[in-house]
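Chain letters run A, B, ... following the sequence lines, proteins first, then strands; residues in each count from 1. Quick note: numbers below take in every heavy atom, side chains included, and nothing from hydrogens, waters or symmetry partners.
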2 protein chains.
Amino acid sequence: MARPTIDDVARIAGVSIATVSRTLSNPDVVSERSRKIVMDAINQTGYTQNVAAQNLRQQRSNAVLVLVPDIGNTYFSAILAGIERAASKARMTILIGDTAGSEDREEEFLRYLVNGRADGALLLNGHLPGSLRADLESGGSTVPLVSVSEALDAPGVPHVGINNVLAARQATEHLLSLGHKKIVHLAGPGSNILTRDRNSGYQAAMGDAGLTATILEGDFSIESGERAASVLLSMPMQPTAVFCASDEMAMGLISALYSQGIKVPDDLSVLGFDDIIFGSAYIPALSTIRQPRHMIGEVAMEKLVGLMGGGIKAASEAAPDATTLRGGYVTLLPTELVLRKSTQRLQPGV
Amino acid sequence: MARPTIDDVARIAGVSIATVSRTLSNPDVVSERSRKIVMDAINQTGYTQNVAAQNLRQQRSNAVLVLVPDIGNTYFSAILAGIERAASKARMTILIGDTAGSEDREEEFLRYLVNGRADGALLLNGHLPGSLRADLESGGSTVPLVSVSEALDAPGVPHVGINNVLAARQATEHLLSLGHKKIVHLAGPGSNILTRDRNSGYQAAMGDAGLTATILEGDFSIESGERAASVLLSMPMQPTAVFCASDEMAMGLISALYSQGIKVPDDLSVLGFDDIIFGSAYIPALSTIRQPRHMIGEVAMEKLVGLMGGGIKAASEAAPDATTLRGGYVTLLPTELVLRKSTQRLQPGV
DNA sequence: ACACACAATGTAAACCTTTACATTTGAATT
DNA sequence: AATTCAAATGTAAAGGTTTACATTGTGTGT
C-alpha cells in the first residue's frame, strides 16, 4: 500500500484532518481524548507528515544553505560540525554547497534561497555574488544571511568569527616576547579580508616594536608553506621566526625546511594559526593560535536561526565571552595562544 | 511584490501554465515561437520554480541524505567532497547528517527517507538502524541506499569502498619485505567490519610468513595512537614495525614515541593508512596506504543516482579500475602503497 | 473537398498539508 | 430556561507545480 496520508489517519481516528494536523503541530488545542485517538491512529498507520506539502503550505523549508569553499578542508569541516549540531538542535536541515572557487556554483546554490529550497544561508566563502548583493543593497526583502569566519565586505550582513587583527597581534607579540626581531609573516591570499586583518595586526605589533614587517603571500595550503621555505632561505636577512596564517602552511614550511636541514624550533621558530587537530601530534608540536571553530559554527547557526525568526536566543549563552560589535551585527569569539614546541626563545648564538 | 508564480509568467506570455511548465521541463515539445515568448516572460519576471510545489507534485525531492559519523573528521570530509561533486553534477542536493555516534540521531535522519525530504541515502556510518533493516528484509519497497567506506552487514545494500583485506595484506607485506618480523598492527575498534577485514589481511600476511600476529585495538584517533605508544614500549617482545589502521593513529604514535626518545623510522618503522593530506608534511613524512577518498565519494553518489533511476552511468567511467563484486553490489576501488620516510629496512643492529 | 494524423496547446485534477473561519458542544451565568 | 462564552472540532481554501487527457489547428493523402 502507498504511504499513509493525513486523510487515512483522520478516517481511522474518526476525526477531521484538521484535528490530526493540530495534534501534531499544536497539541495543546486538541482535547486529551482526541489526541489519544489520533496518536493511536498515527502509530497504527505509521504516518509521518509529508515535508513537501508542509513546505509548500507554510512557505518555508526549515533548511539552510551552507556555502563552503571546500568541504574537504579540515578547517571548514570543523566549523561545519558546529553548524550541524546547532542546526539539528533547532530542527533545521543543512544543505551543503561546495563552491570550489567557482562563482557560477556560488550563484547556483544561492538560487536555493529564492526557489524555496532553503530559508537562509551561512556564507563561509567570504564572497557575496552580485545577484544577492543587489538584493541586499536595495534594502528590501532581506534574505537571512550570516557570514562565517570570513567576513563579507557587504554592509549589513551579520558576521561571526574571530578578531583577526587582535589574534595576529597577539601572535606577533608572543614571538617578540621571545626575543625575536626578524619576524616574517607568511600570510593568506591578499584578496581576502581575513588576510588583510591579520596582516595589519602583525604590522601593528611590529611597528610598535620599531621593527620592519615582512609579509610573504601564501594561500593557506601545505604546498604554499613548502614553497615559502625556499623563499625564506633566499632572503637577504634571514628571519628567526615566522608567523604563519594557517597551521597547514606552518607544517608545509617546517617540513620543507627540515628536508633542507633547518630545524624548528632550534634554527627558526614557527607559529601557526587555527589549531587544527594535527598540530598537537606534529613534530615539533605546533605552537599556534586557536580558533574555536566548532563554536564559531554553532554560534553562527544560532544567529541565523534567530534571524529567521526562530525563538532561540542561546547564542550568547553558548558563547559567554564573545565580543559583539556594530549593534550585534558582528560577533567575535575569543582566540587563544597555544604554546607547544615549535616556538622558542631566540638563542643568543643564532 | 510577491514572488512570481507560473501563473504570472503564463499571463504575461499569453499562454497556459502548462506551456510554461513544459518550456522549463521539456522544451522539445513546445514550439520555438512559444518557447521564446515564455522565456522572455520568465526573464522579465525573474521567475523560478517553487521547489516545494515541484517536490509535492513529483513525489520526490532530488535530495539525498548523507549520514556521517563525524563531519569534522578529515577522513570523511574528503569523501564528502567527492560526494558533493557528483551530487551537483547530477543536480542533486545533499543533506548532511552527523550521527555523532548516536543511534537516535541516526533514526531521526533516516526518517528523511520516509517523509520525503530525501530520495535516498549514503551511509558512511557502517550501521543500519533497525527500522530500515526491517524494511529491507521484507524485501518490499526498497529505499535507494548505498553504504560507503564502511560496509554494512546487511545483505543487499550496495557498497563502495576499498578492499581492506587486500590493502592490509599489502601493507604488511611491505613491512615484511623490508626485513621486519616483529610487526604489530594497531587496529581500529573491533566492532566494525572494516577493522575485521584489515585484521584478517594483516593476519593472513603474517601467517603466510610464518610469523605471529599481534593486534592492538585503537579507535583511529590521534589519542589512541598516543596511548598505543606506552603499550608498545611495555611489550615483552619489542616490535620493529607497526602498521596502523589510520594515519591519525600513526601520527599520534610517532609523536608519543618521539617524546620518549624513540625515533621513527630509525628505531621503529611506522606505516599509516588513508593517506590524509597531512601525512606528506609530517616529520617523518608518513608512508601509508592511499585510499582514493574523493573518488570513493564520487562513485558512491553516482551509484546512488543510478539506483534512483537517474540516467547516469558514469560510475564505471569515473573509476576505470574498480573491482566489482556480487553482481555489482560491491564496488572496490584500488588502493596504493605510498612510500615516504616513516618506514625503512630493518637495521641489522637493532 | 474530406478524413486523418500529428503537433501544439489548454484544462483541470492531483500532490498533501496548514489554517482562517464557521460551527458545534457543553458548561456557566443570569 | 435562556443566554453567553469558551473550547473543541470541522470545512474548505490555498499553497504552486506537473501531467493525463481533451481540444485545437495544420498539413497530407486520397
Novice: How many whole angstroms separate atom CG of B:Leu56 from atom C1' of D:dG15?
Specialist: 9 Å
Novice: Rounded to the Å, how far apart are B:Arg3 CZ and D:dG16 P?
Specialist: 8 Å
Novice: Does either side chain, that of A:Thr99 or that of A:Ser102, offer a donor lying less than 3.5 Å from an acceptor on the other one?
Specialist: no
Novice: Please report the closest heavy-atom contact between A:Tyr112 and A:Leu95, naming both atoms and the distance.
Specialist: CD2-CD1, 3.9 Å
Novice: Between atom CZ in B:Arg57 and atom P in D:dA20, what is the gap in whole Å?
Specialist: 8 Å
Novice: Does a distance-only test, which skips hydrogens and angles, find a donor-acceptor pair under 3.5 Å between the side chain of A:Arg22 and the base of D:dG10?
Specialist: yes
Novice: Do B:Arg60 and B:Asn62 have side-chain atoms, one donor and one acceptor, less than 3.5 Å apart?
Specialist: yes
Novice: If you pin A:Ile17 and B:Val30 to their nearest nucleotides in DNA chain C, which one's is more 5'?
Specialist: B:Val30
Novice: Once you apply a heavy-atom cut-off of 4.0 Å, does A:Val15 come out as touching a base, just sugar-phosphate, or nothing?
Specialist: sugar-phosphate
Novice: Under 4.0 Å from OP1 or OP2 of C:dT9: is there any side-chain N or O of B:Ser31 that close?
Specialist: yes
Novice: If the cut-off is 4.0 Å, is B:Gln59 near the phosphate of C:dA14, judged by side-chain N/O to OP1 or OP2?
Specialist: no
Novice: Given atom CD of A:Glu32 and atom C1' of D:dA7, what is their separation to the nearest angstrom?
Specialist: 15 Å
Novice: Starting at atom CZ of A:Arg11, determine the distance to atom C1' of D:dG10, rounded to an integer number of angstrom.
Specialist: 17 Å
Novice: What's B:Ser34 touching, base or sugar-phosphate or nothing? Going by heavy atoms closer than 4.0 Å.
Specialist: sugar-phosphate
Novice: Using a cut-off of less than 4.0 Å, is there contact between a side-chain N or O of A:Ser16 and OP1 or OP2 of D:dT9?
Specialist: no
Novice: Rounding to a whole Å, what distance do you find between A:Ile37:CD1 and D:dG10:C1'?
Specialist: 15 Å
Novice: Between B:Asn50 and B:Thr19, which is nearer to the 5' end of DNA chain D once each is assigned its nearest nucleotide?
Specialist: B:Asn50
Novice: When you measure from the side-chain N and O atoms of A:Gln49 to the phosphate of C:dT18, is any distance below 4.0 Å, counting only OP1 and OP2?
Specialist: yes
Novice: Looking at A:Glu298 and A:Lys303, is any side-chain nitrogen of the basic one under 4.0 Å from a carboxylate oxygen of the acidic one?
Specialist: no
Novice: Give B:Thr23 one of three labels, base, sugar-phosphate or nothing, depending on what nucleic acid heavy atoms sit under 4.0 Å from its own.
Specialist: nothing
Novice: Identify the two heavy atoms, one from A:Ile193 and one from A:Leu152, that lie closest to each other, and give their separation to 0.1 Å.
Specialist: CD1-C, 3.8 Å
Novice: Side-chain N or O of A:Thr5 less than 4.0 angstrom from OP1 or OP2 on C:dC16?
Specialist: no
Novice: Between P on D:dG16 and CD on B:Gln58, what's the gap in Å once rounded to a whole number?
Specialist: 17 Å
Novice: Please give, in whole Å, the distance from C:dC16 C1' to B:Arg117 CZ?
Specialist: 15 Å
